[in-house]
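Within every chain, numbering begins at 1; the chains are lettered A, B, ... in the order of the sequence lines, protein sequences first and strands thereafter. Computed from a predicted model, the values in this text were never measured in an experiment.
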There are 2 protein chains.
Amino acid sequence: MASVKDVARAAGVSVATVSRVLNDSAAVSAPARARVLAAVADLGYRPNAVARSLRTDATRTIGLVIGDILNPFFTELARAVEDEARAAGYSVVIGNADERPDRQDHYVATLLEQRVDGLLLCPTAEITPLVRDMVERGAPLVFLDRTLPGLDVPSARVDGTAAVHDLVAHLHGLGHRRLAFVSGPATLSTGRERTAAFTAALAAHGLRVRPEYLAAGDFQAASGRAATARLLALPEPPEVIVAGDNLMALGALDEIRARGLAVPGDVGLAAYDDVPWFAHLSPPVTAVAQPVQDLGRRAVRALADRMAGRPVEQVVLAARLVVRRSCGEAAPGPARKEGSGRP
Amino acid sequence: MASVKDVARAAGVSVATVSRVLNDSAAVSAPARARVLAAVADLGYRPNAVARSLRTDATRTIGLVIGDILNPFFTELARAVEDEARAAGYSVVIGNADERPDRQDHYVATLLEQRVDGLLLCPTAEITPLVRDMVERGAPLVFLDRTLPGLDVPSARVDGTAAVHDLVAHLHGLGHRRLAFVSGPATLSTGRERTAAFTAALAAHGLRVRPEYLAAGDFQAASGRAATARLLALPEPPEVIVAGDNLMALGALDEIRARGLAVPGDVGLAAYDDVPWFAHLSPPVTAVAQPVQDLGRRAVRALADRMAGRPVEQVVLAARLVVRRSCGEAAPGPARKEGSGRP
DNA sequence: CCTGATCGTGTAATCGTTTACACGGTCCTG
DNA sequence: CAGGACCGTGTAAACGATTACACGATCAGG
């Protein structure tokens with residue numbers, strides 16, 4: 001593959017002049033510039049980003065480690081990160097942790113060795129030694145979606161407290177009192193926060209938190225199904241099941257269908273975290289929608305600030321309730337409704 | 001960030017010895033090795049992959065340019081590619097072309113500059129000058145999912161001819177005769193092949209190909225909805241609509257629901273390309289499932305062969321029909337059925 | 001005791017860029 | 001016309017790793 005040296009020889013100039021033309025970093029005479037550009041086109045020269053990065057100590061690349069690439073939430077997040085990063089002249093290298101701390105660390109290590117200029121991390125479970133080390137060394141890091149308590153790192157996340165409150169109000173308004181929640185793992189900040197928001201919302205409506213209505217899941221479909229089976233087998237089963245994420249909602253739906261029950265006739269279903277096809281299920285599923293696009297974009301901007309040494313504020317965005325039909329028909333009134341998951 | 005030089009100084013050895021320990025490329029005395037390892041741990045040394053790549057002329061990285069990151073087909077494909085590549089010691093850098101040739105070329109160019117060791121490309125539409133150039137220069141390239149005619153490049157793809165034949169046989173067996181197809185763009189090999197498979201299957205069952213039943217789409221949901229609107233507005237609308245991919249099937253379903261029609265009572269629906277949540281729709285959608293995991297893995301292996309200079313055979317995998325309930329209930333018999341999209 | 005093999009180690013070149021510095025020429029100014 | 005400012009250009013030194021080559025020490029065989 002052709003190098004600057006080859007281009008310089010072909011154009012009859014020095015490598016410095018070639019570099020100057022390519023980066024237009026300094027004035028070059030018109031004829032020299034023309035000869036260089038001709039040589040570049042002729043040789044099909046493509047600058048070697050590896051060599052450039054070595055010299056400039058910058059890769060114009062950021063790393064993004066997501067929880068699970070098969071989860072549409074993270075896919076959409078990756079898309080948004082990518083768009084914003086490209087606009088800022090950065091490439092994004094994605095690592096899929098598959099919700100496993102060891103795999104998360106594998107990617108973090110790889111990305112550090114590749115000398116990404118910054119790193120967006122959706123941490124999987126606990127603080128690993130590698131992550132702690134990175135934080136202590138002051139690596140340009142921003143947590144995305146999830147946070148790790150006890151580490152002073154900028155983060156971009158969604159606060160669903162108000163939306164969950166709206167959801168419980170909606171359910172309460174429909175006459176439901178026995179509300180169950182399938183929580184995410186307590187090892188994840190998102191798992192803890194959603195559970196806390198739900199129990200707080202119950203309390204705000206004067207509802208008792210029945211321990212048997214809090215079923216533990218792990219954000220994967222299978223756990224949602226198992227939890228739902230347990231809930232529906234109770235002597236007094238809940239009227240509505242709220243799933244802590246979109247995958248567990250899917251598992252819950254499977255179990256409900258497998259038992260030949262009707263939604264919302266026999267049991268209502270709602271989910272934290274909306275995905276496009278919730279609107280296409282029958283009945284369409286009521287969900288708490290997170291501003292995923294915005295979250296990704298804001299995270300990139302926060303990371304850009306961090307890399308530039310500018311002060312970084314925490315990014316906290318609000319979720320919103322999207323009422324559909326899976327918890328029962330709302331009485332005619334001013335309730336917000338929506339037919340499709342996509343604006 | 002610490003470099004070999006720092007490690008060497010701390011360990012009281014030369015950089016060569018440090019390198020030898022880290023790559024165990026040659027014998028090093030036990031005490032020297034121990035001192036080096038201690039220094040590495042002490043300094044938190046992380047080899048600079050940029051410098052290594054420059055020297056060794058290999059990045060242990062492959063590029064993957066996909067059509068659309070929001071399409072679950074490509075997400076699952078990326079996941080499989082990633083898994084296989086990691087197992088072989090490669091990192092994967094993903095580029096999302098968003099079905100736009102200009103963006104595809106942006107990523108191809110970027111990945112070439114980053115000196116990936118090989119490239120998996122799901123080409124978007126026509127042959128661009130950049131792609132032609134790359135092929136002529138003999139870059140280690142493998143086409144994935146889609147191919148470009150007239151270019152002699154190894155590829156990994158799915159042949160759905162037999163599965164589409166099975167689908168038409170299934171529909172025919174249910175008594176349906178008026179079958180419509182919402183095709184993908186004729187600029188994509190997958191668009192052309194699926195349409196050809198459908199018309200051939202019709203002919204094999206003695207069915208006439210009615211031109212008004214071939215509606216052109218672009219693999220995106222909106223076009224599926226528009227095409228379905230046209231089809232349902234015909235004086236003699238089709239009994240079944242077959243969508244050329246999963247997104248257009250979703251659009252079709254929206255339009256059918258918007259018109260207050262029942263599936264499969266008023267009109268049947270089937271899709272080429274299965275996705276997990278098809279099984280969760282009501283009714284569950286009959287679809288042609290592609291062996292996505294296998295496709296991704298085989299593509300990586302083909303690329304690995306190509307990079308190693310070994311001969312590469314074309315990879316062609318068969319799709320299979322997954323009968324669900326969206327085209328009508330099958331008469332009791334030996335027909336294959338399936339409840340869930342995931343094995 | 002000499003010779004040659006083997007072993008552990010260090011020195012320095014190299015990969016393809018960018019860029020500090022030097023240098024010669026032209027032009028303007030006083 | 002002398003002097004400085006400025007412009008275009010080239011030379012060479014980095015960046016951090018790998019590795020060919022050389023070198024001294026140890027050791028075995030004759």
Side-chain angles (χ1 to χ4, degrees), chain A residues 1-40 43-61 89 91 109-117, chain B residues 1-40 43-61 89 91 109-117:
Chain A
M1 187 141 243
S3 78
V4 266
K5 226 174 275 185
D6 302 311
V7 174
R9 193 173 327 116
V13 298
S14 74
V15 293
T17 298
V18 174
S19 178
R20 282 189 273 252
V21 169
L22 264 38
N23 306 302
D24 43 43
S25 54
V28 173
S29 71
R33 146 166 277 121
R35 289 207 311 279
V36 168
L37 291 177
V40 164
L43 297 172
Y45 169 76
R46 234 162 246 300
N48 185 329
V50 173
R52 166 181 298 150
S53 293
L54 178 60
R55 176 58 226 249
T56 61
D57 196 34
T59 52
R60 302 291 308 164
T61 289
S91 294
T110 303
L111 292 169
L112 288 179
E113 293 188 4
Q114 293 183 176
R115 296 300 195 265
V116 291
D117 293 341
Chain B
M1 187 141 242
S3 77
V4 266
K5 224 174 279 184
D6 302 312
V7 174
R9 193 174 324 118
V13 298
S14 73
V15 292
T17 298
V18 175
S19 178
R20 283 191 272 253
V21 170
L22 264 38
N23 306 301
D24 42 42
S25 55
V28 172
S29 70
R33 146 167 277 117
R35 289 207 310 279
V36 168
L37 292 177
V40 164
L43 298 172
Y45 169 75
R46 237 161 243 299
N48 185 329
V50 172
R52 168 183 295 145
S53 294
L54 178 61
R55 178 56 225 251
T56 61
D57 197 33
T59 52
R60 302 292 306 166
T61 289
S91 294
T110 303
L111 292 169
L112 287 179
E113 294 188 3
Q114 292 183 174
R115 295 300 193 266
V116 291
D117 293 343

Visitor: Give me the first and last nucleotide of DNA chain D, going 5' to 3', that has any atom under 4.0 Å from a heavy atom of chain A.
Guide: dG8(D) to dG16(D)

Visitor: Taking atom C1' of dC15(C) as reference, at what distance in whole Å does atom CG of Asn48(B) sit?
Guide: 13 Å

Visitor: Donor-acceptor pairs under 3.5 Å, side chain of residues 15-26 of chain B to any protein atom, not counting sequence neighbours: which ones?
Guide:
unit_1: Ser19(B); atom_1: OG; unit_2: Asn23(B); atom_2: ND2; d: 3.2
unit_1: Asn23(B); atom_1: ND2; unit_2: Ser19(B); atom_2: O; d: 2.9

Visitor: So, for Ala8(B) and Ser14(B), which heavy atoms are closest and what is the spacing to 0.1 Å?
Guide: CB-C, 3.7 Å

Visitor: Considering residues at least two apart in sequence or located in another chain, which fulfil the salt bridge (charged side-chain N to carboxylate O under 4.0 Å, His left out) criterion with Asp6(B)?
Guide: Arg9(B)

Visitor: Does any residue of residues 8-36 of chain B have a heavy atom under 4.0 Å from DNA chain D, and if so, which ones, in number order?
Guide: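 Heavy-atom contacts with DNA chain D come from Ala16(B), Ser19(B), Asn23(B).
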
Visitor: How long is the straight-line distance from CZ of Arg60(B) back to CD of Glu113(A), given to the nearest 0.5 Å?
Guide: 13.0 Å

Visitor: Would you check if Thr61(A) and Asp117(A) make a side-chain contact, meaning some heavy-atom pair closer than 4.5 Å?
Guide: no

Visitor: Without decimals, in angstroms, what is the distance between Leu54(A) CG and dT14(C) C1'?
Guide: 12 Å

Visitor: What nucleotide, of dT18(C), dC15(C), dG16(C), holds the atom closest to the side chain of Arg55(B)?
Guide: dC15(C)

Visitor: Between the opening five pairs and the closing five pairs of the helix from dC1(C)-dG30(D) to dG30(C)-dC1(D), how far apart are the helix axes, to 10°?
Guide: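 The value is 50°.
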
Visitor: Give the rounded distance in Å between these two atoms: CG of Asp57(B) and C1' of dT14(C).
Guide: 12 Å

Visitor: Please tabulate, one pair per line, all N/O donor-acceptor pairs under 3.5 Å involving side-chain atoms of residues 46-55 of chain B, not counting sequence neighbours.
Guide:
unit_1: Asn48(B); atom_1: OD1; unit_2: Val50(B); atom_2: N; d: 2.8
unit_1: Asn48(B); atom_1: OD1; unit_2: Ala51(B); atom_2: N; d: 3.2
unit_1: Ser53(B); atom_1: OG; unit_2: Ala49(B); atom_2: O; d: 2.9
unit_1: Ser53(B); atom_1: OG; unit_2: Ala58(B); atom_2: O; d: 3.2

Visitor: Do the non-hydrogen side-chain atoms of Gln114(A) and Leu111(A) ever get within less than 4.5 Å of each other?
Guide: yes

Visitor: In whole Å, I'd like the distance from the CZ atom of Arg60(A) to the C1' atom of dT18(C).
Guide: 16 Å

